[in-house]
Amino acid sequence: MPDSEQVVHINGHSSLFSVALQEKQNSMTKKLPSDSVINLDHGDPKMFEPYWQKMGDKCTVVISGWQSLSYFSDITNLCWFLEPELVEEIRRLHHLVANAEIEGHYIVVGTGSTQLFQAALYALSSPDSAEPINVVSAVPYYSSYQAVTDFLRSGLYRWAGDAYKYKGDQPYIELVTSPNNPDGFIREAVINGSGGKLIHDLAYYWPHYTPITTPADHDLMLFTVSKCTGHAGSRIGWALVKDKEVAKKMTKFIELNTIGVSKDSQLRAAKILKAVSDSCRQDYDNFFDYGRGLMAKRWERLRSVIGRNGLFSLPEYPMEFCNFFGELTEAHPAFAWLKSEEEESKDTESFLRAHKILTRSGKHFGVDTTYLRISMLDREETFDLLLQRLSNMSSKGRENGA
Ligand SMILES: Cc1ncc(COP(=O)(O)O)c(C=O)c1O
């Protein structure tokens with residue numbers, strides 16, 4: 001048994017270490033062995049690698065030893081560790097894609113949007129409040145919210161679960177992920193209370209995943225290069241924040257947490273975002289066109305396999321006019337949200353693990369184990385292996401008369 005599998009068994013679920021180990025083995029052998037454990041638990045966005053390989057040196061960043069030494073980037077900016085090049089490219093890309101209203105918003109950069117999420121919780125809660133503020137999100141919600149919110153047992157905020165069930169008249173923070181992780185649907189806040197504050201996580205509101213129907217214009221919006229361009233390893237996210245005091249508090253959180261955000265990463269992110277914007281102005285190699293084509297093909301293939309094996313169902317998405325592409329398009333989410341169609345409710349995650357496919361069970365998203373989430377963002381050969389195994393499940397099922 002390879003080490004990677006041992007790790008998986010010891011922990012009872014996938015670990016980042018096992019993925020890294022598997023990947024190291026794969027990169028050494030170049031080809032993914034047909035009996036590999038495939039890890040589609042994390043939304044690790046490796047499918048964009050061929051595009052960036054093709055871009056060659058267009059995105060190479062050279063930082064000399066004497067550069068980027070200071071903690072400070074722009075002391076005239078409210079977010080004093082935000083690199084001006086990154087500001088310029090964030091603004092340019094939002095203008096081009098028209099997915100978010102940037103005027104009237106402060107930009108705060110973070111070490112991924114995960115750090116910004118925590119900064120936002122800090123900024124939206126009150127130190128004078130007798131009780132921690134309740135943090136809610138409608139099911140199925142992004143699985144990390146609960147873990148991150150409760151990790152430090154903060155006296156300022158606490159996880160309070162499903163927003164649909166929230167009855168309290170106490171102040172609350174509602175997290176709205178749109179398109180939603182895990183199910184890919186466009187969402188709005190579900191609580192109609194007066195004491196609520198909203199965080200809109202728009203990590204997937206980009207044209208390769210979903211039709212861009214309107215520029216989002218919320219009080220606090222989170223974006224990340226991780227899902228936009230696939231550069232999760234650079235750990236760069238940004239928040240667009242209307243309220244100056246909230247933006248200041250978020251900046252303070254990041255100052256105390258990590259004394260700013262890596263300049264090297266910001267410069268790299270700026271270069272990558274510039275390449276994306278430049279690509280949108282030409283007739284070839286348009287990044288979003290490429291991404292949408294790839295996602296559409298994957299979804300078509302997945303739907304065909306799922307349709308044939310009859311074990312699961314997938315959500316259906318409406319056709320909508322995408323302002324970016326200037327045509328009717330359908331969503332092609334970053335995750336497939338599968339529901340078991342078996343009569344008896346099953347632990348679908350364990351079922352797929354037995355077929356060496358690691359996924360994330362519905363229980364992590366506030367629903368039951370008949371649901372599971374599969375990443376659609378891995379490399380092509382991993383995706384091929386997934387489809388092959390899902391197809392074999394159906395043929396085995398037929399052989400058994402199931
Ligand atoms: C909805 C959502 N928000 C945030 C993140 C994390 O983004 P980052 O890599 O910028 O921390 C993810 C990652 O999967 C996500 O799905």
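In listed order, ligands and their atoms are each counted from 1. Note that the numbering runs from 1 along the sequence shown for the chain.
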Student: Find all protein N or O atoms under 3.5 angstrom from an N or O atom of ligand 1 and list the pairs with distances, or write 'none'.
Tutor:
from: ligand 1; atom 1: 3 (N); to: Asp201; atom 2: OD1; distance (Å): 3.4
from: ligand 1; atom 1: 3 (N); to: Asp201; atom 2: OD2; distance (Å): 2.6
from: ligand 1; atom 1: 7 (O); to: Ser113; atom 2: OG; distance (Å): 3.2
from: ligand 1; atom 1: 9 (O); to: Ser226; atom 2: OG; distance (Å): 2.7
from: ligand 1; atom 1: 9 (O); to: Arg235; atom 2: NH1; distance (Å): 2.8
from: ligand 1; atom 1: 10 (O); to: Ser113; atom 2: N; distance (Å): 2.7
from: ligand 1; atom 1: 10 (O); to: Ser113; atom 2: OG; distance (Å): 3.3
from: ligand 1; atom 1: 10 (O); to: Thr224; atom 2: OG1; distance (Å): 2.6
from: ligand 1; atom 1: 10 (O); to: Ser226; atom 2: OG; distance (Å): 3.4
from: ligand 1; atom 1: 11 (O); to: Ser113; atom 2: N; distance (Å): 3.3
from: ligand 1; atom 1: 11 (O); to: Thr114; atom 2: N; distance (Å): 3.1
from: ligand 1; atom 1: 11 (O); to: Thr114; atom 2: OG1; distance (Å): 2.5
from: ligand 1; atom 1: 11 (O); to: Arg235; atom 2: NH2; distance (Å): 2.9
from: ligand 1; atom 1: 14 (O); to: Tyr204; atom 2: OH; distance (Å): 3.4
from: ligand 1; atom 1: 14 (O); to: Lys227; atom 2: NZ; distance (Å): 2.9
from: ligand 1; atom 1: 16 (O); to: Asn181; atom 2: ND2; distance (Å): 2.7
from: ligand 1; atom 1: 16 (O); to: Tyr204; atom 2: OH; distance (Å): 2.6

Student: Show me, pair by pair, the donor-acceptor contacts under 3.5 angstrom made by side chains of residues 176-185, not counting sequence neighbours?
Tutor:
from: Thr177; atom 1: OG1; to: Tyr145; atom 2: OH; distance (Å): 2.5
from: Ser178; atom 1: OG; to: Arg187; atom 2: N; distance (Å): 3.0
from: Asn180; atom 1: ND2; to: Pro140; atom 2: O; distance (Å): 2.8
from: Asn180; atom 1: ND2; to: Asp183; atom 2: OD1; distance (Å): 3.2
from: Asn181; atom 1: OD1; to: Arg373; atom 2: NH1; distance (Å): 2.9
from: Asp183; atom 1: OD1; to: Phe185; atom 2: N; distance (Å): 3.1

Student: Run the side chain to side chain contact (heavy atoms under 4.5 Å, CB included) test against Glu103 and tell me which residues pass, sequence neighbours left out.
Tutor: Arg91, His95, Glu101
Student: On the 0 to 90° scale, with breaks at 30° and 60°, tag the Phe48-Tyr209 ring pair as parallel, tilted or perpendicular.
Tutor: perpendicular
Student: Assess, by modelled atom type and distance only, whether the side chains of Asp264 and Ser262 contain a donor and an acceptor separated by less than 3.5 Å.
Tutor: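 Checked: Asp264/Ser262 side chains show no N/O donor-acceptor pair below 3.5 Å.
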Student: May I have all residue pairs that pass side chain to side chain donor-acceptor pair (under 3.5 Å) and include part of residues 118-131, sequence neighbours excluded?
Tutor: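 Sorted pair list: Glu131-Arg158.
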Student: Where does the angle between the aromatic ring planes of His208 and Phe288 fall among parallel (under 30°), tilted (30 to 60°) and perpendicular (over 60°)?
Tutor: perpendicular
